[in-house]
Amino acid sequence: MPIAREVLVTLAEHNGVCVRPLAIRRTDLETGRTEVIDVPCGARLASKCKPCAERARKLRRQQIREGWHLEDEPTVPVEAPADDVVALVTTRAHLEFDRAALAYEQLPPVERAAQLADIDSAVADIDAQLAECRIRGALVPAADATPKRVRSTRRRADAIDLPKLPVQAKTVGRVYRGKDGKTHRPSTLLTLTLGSHGPVHSARRRGSWVAPCECGRLHAEFDPLIGTPVDPDTYDYRRAALDAIHFAKVLDRFWQNLRRAAGWNVQYAGAVELQKRFAPHAHFAVRGTVPRALMRQVAAATYHQVWWPHFDAPVYDVGGKVPVWSPEVGEYCDPATGQPLTSWQAALDALDDEHATPGDVIRLGRVDARGIEHGTKDAERAIRYVTKYLTKDLVDTTHPRTDPQQAHFDRLHAELAVLPCSPTCANWLLYGVQPDAAKPGLVPGRCSGKVHQRTTLGFTGRRVLVSRQWSGKTLADHRADNRAWVRTVLAGALADDETAPAEDARRYSFELARPEDPDVSSLAVRLMRAVSERRRWHTELEHARNTALPPTALALAA
């Protein structure tokens, strides 16, 4: 027999109700009235909450759809600074003037030092208040900030040169006119992959027939060898692991190079997935078109240099004698000699030499570009293709099902477990280098970074990559548009006549309620109320759409 709780969860998921809502207690500071409201958890993975994950994926689809084939430049509204922000900045300017004026006044050293201390205290207080206001950045950089290491931007000798054009401030692609007089504004569906780490078993299709694999056989789609190396002994697992760790950096470098080579501000929106060989690749919806030959040239010339100390061969082995923390020295020391390891700063200073080489260089592989016309079935199909796996974990899309695939997965993860993921990674101890800001308790091979987890398999960047001027809106703006449309439909017409009174945010105070609080109902009761409310809401919305909107408006709303 079905379990009652599972029936309720299934019903909630079917109606799009969050199954893990947060109970928030809202108190009206004017009337003293208190009520508990449910807030969706906002999970992006279906394994945590299917309705919230599906809602997030639909929102991403809407964002890509609105920004892909724009005809006009998107405008990003900039919020005007509030009066209190302007007042604080003005006061900060007066304090800087007073500090400079003290240098020209005839004052005793003790009195001048006292006045400078008062001014510095007032400046610190103003900066603290500005940090709490709606303003980004700081007026003056922090004085104790560590100077950033600057390295030469000269291109590598083994990298081909790219055309470098001044980047125009346009984001909309070109318009083409056909022989029939119609205008076309095509865009691009772009796929970027990493290079080969060795031949793998694959079922490549060439139209209606299957191409032979590298091993000379024809594999079915669900063959247990799909995605595994043809020869595991010669497969470059170290290169595969390093490429996965730094894949996000080389993607950023690709878009920088493409904009400089194309001469305009190319905009993109896409997502990162795993191939069957467990290597990350990315699908992007690119606004406008760029010649395919130029894209391939940019991909071939794109690289990312990892300026870390060299970690080609480990000095110590995991499970053996590894460096230990010395409380007397405050550093990690060699277990045999007791000598401290090379500090992180000393290792970076060695890279400042003129003939120094980076610790690793990451490059892209194959580029697949396809033109997409606006308003076609291919455009909507491409949007669904880009956002296909957003509700799943990165590894769930290519979960190993057979023993060969599991062995391939385990060997790649074993390589990731001993590679450094960041300057503070404990694995630097295996290569005879102190991690940055080293502290006691670091165990090599057991770094808690996301790179080493089995759910990420090396990739730790953002799954969804959207450029700043894609649609001119944030996800919050798209949510607000959806809510405004629903309110408008329920009002009876597609117009902005509804003027609901704006609530003052300072009127309410919010706090997270505990499940054991007496005013918080059980999760089952809250889910049943939410399901009933959602069904009633859908009924009212459908009734309003069918009675108040003309047929053309119904088609657009659908």
Side-chain angles (χ1 to χ4, degrees), residues 63-64 67-68 70 73-74 76 136-137 148-174 187-195 242-273 279-308 351 357-369 386 422 458-472 474:
Q63 185 183 32
I64 295 176
W68 199 0
L70 286 182
E73 294 290 341
V76 181
R136 293 182 297 171
K148 185 178 179 180
R149 290 181 180 268
V150 180
R151 302 198 180 277
S152 174
T153 57
R154 183 186 306 173
R155 291 189 61 80
R156 293 176 58 89
D158 56 353
I160 62 176
D161 293 331
L162 289 173
K164 189 175 181 180
L165 302 176
V167 181
Q168 302 179 15
K170 73 167 188 175
T171 63
V172 178
R174 293 178 55 186
S187 291
T188 308
L189 176 64
L190 178 65
T191 300
L192 298 175
T193 61
L194 291 168
L242 289 173
D243 287 351
I245 293 174
H246 303 285
F247 182 64
K249 298 291 184 63
V250 76
L251 282 182
D252 292 340
R253 186 66 62 185
F254 171 81
W255 292 114
Q256 295 175 12
N257 292 341
L258 183 62
R259 287 166 176 167
R260 294 170 183 171
W264 55 287
N265 194 3
V266 182
Q267 299 296 300
Y268 59 88
V272 177
E273 302 171 0
H281 70 151
H283 303 291
F284 290 101
V286 183
R287 186 187 306 156
T289 56
V290 178
R292 289 181 175 87
L294 181 59
M295 282 190 176
R296 289 192 292 267
Q297 182 182 2
V298 170
T302 297
Y303 61 87
H304 171 67
Q305 300 186 113
V306 182
W307 286 101
W308 286 349
L351 296 177
T357 57
D360 193 43
V361 180
I362 312 299
R363 289 183 171 89
L364 285 174
R366 189 170 60 88
V367 176
D368 185 13
V386 171
S422 64
F459 181 78
T460 59
R462 291 175 289 125
R463 286 282 305 277
V464 181
L465 305 172
V466 181
S467 54
R468 295 181 182 273
Q469 295 178 322
W470 176 253
S471 63
T474 62

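The analysis underlying the following values was restricted to heavy atoms, covering all of them including side chains, and did not include hydrogens, waters or symmetry mates. Just so you know, these numbers come straight off a predicted model, no measurement behind them.
The distance from atom CG of D360 to atom CD1 of I245, rounded to the nearest 0.5 Å, is 9.0 Å. Atom CZ of R468 is separated from atom CG of N265 by 11.0 Å, given to the nearest 0.5 angstrom. Taken to the nearest 0.5 Å, the OG atom of S471 stands 5.0 Å off from the CD atom of Q63. Atom CZ of R155 and atom CD of Q305 lie 9.5 Å apart (nearest 0.5 Å). Considering CZ of R260 and NZ of K164, their distance stands at 6.0 Å, rounded to 0.5 Å. Note: T191 OG1 to F284 CZ = 9.5 Å, rounded to the nearest 0.5 Å.
Residues L162 and Q297 form a side-chain contact, since some pair of their non-hydrogen atoms from C-beta on lies under 4.5 Å apart. The shortest side-chain heavy-atom distance between D368 and L190 does not fall under the 4.5 Å cut-off. Side-chain atoms of V361 and R156, non-hydrogen and from C-beta on, do get closer than 4.5 Å to each other. Put simply, the side chain of V464 does not reach to within 4.5 Å of the side chain of R462, judged on heavy atoms. Contact annotation: the side chain of V272 approaches that of P280 to within less than 4.5 Å [non-hydrogen atoms, C-beta and beyond]. Side-chain atoms of D243 and F247, non-hydrogen and from C-beta on, never get closer than 4.5 Å to each other.
Residue A244 comes nearest to L194 through the heavy atom pair N-CD1, 4.4 Å, listed as atom of the first residue, atom of the second, then distance. The shortest heavy-atom contact between L251 and L192 is CD2-CD1, 3.7 Å. I160 and A300 make their closest contact through CD1-CB, 4.3 Å (heavy atoms, listed as atom of the first residue, atom of the second, distance). The two residues A159 and Y303 have their closest heavy-atom pair at CB-CE2, 3.6 Å. Of all non-hydrogen atoms in A285 and I64, the two that sit nearest each other are CB-CG2, 4.0 Å. The shortest heavy-atom contact between E273 and V386 is OE2-O, 3.9 Å.
Shown here is K170, whose NZ atom has more than 12 heavy atoms of other residues, nucleotides or ligands within 6.0 Å. Annotation: R253, atom CZ; neighbour count of heavy atoms from other residues, nucleotides and ligands within 6.0 Å does not exceed 12. Counting non-hydrogen atoms of other residues, nucleotides and ligands closer than 6.0 Å to CZ of R174 gives a total of 12 or fewer.
Salt bridge status for R363 with D158: present, with a side-chain N to carboxylate O gap under 4.0 Å.
A donor-acceptor distance shorter than 3.5 angstrom exists from the side chain of T193 to the backbone of R366, with no hydrogens or angles considered. Using a distance-only test at 3.5 Å, with no hydrogens or angles considered, a donor-acceptor pair links the side chain of T188 to the main chain of G288.
Using modelled atom types and a 3.5 Å distance limit, the side chains of N257 and T302 yield a donor-acceptor pair. For Q469 and T171, the side-chain atoms include no donor-acceptor pair closer than 3.5 Å.
Applying the side chain to side chain contact (heavy atoms under 4.5 Å, CB included) rule to T357 yields the partners H310; only residues at least two apart in sequence or on another chain are considered. For W264, there are no ring pair (Phe, Tyr, Trp, His ring centres under 6.0 Å) partners at least two apart in sequence or on another chain.
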Inset, instruction - Determine, stepwise, if the pair Y268 / W68 fulfils ring-ring contact (aromatic ring centres under 6.0 Å, His included). - result: CA-CA 8 Å; Y268 59 88; W68 199 0; over 10 Å; no
Inset, instruction - Might you work through the side chain to side chain contact (heavy atoms under 4.5 Å, CB included) test for S467 and R259, ending with a clear yes or no? - result: CA-CA 12 Å; S467 54; R259 287 166 176 167; 3.8 Å; yes
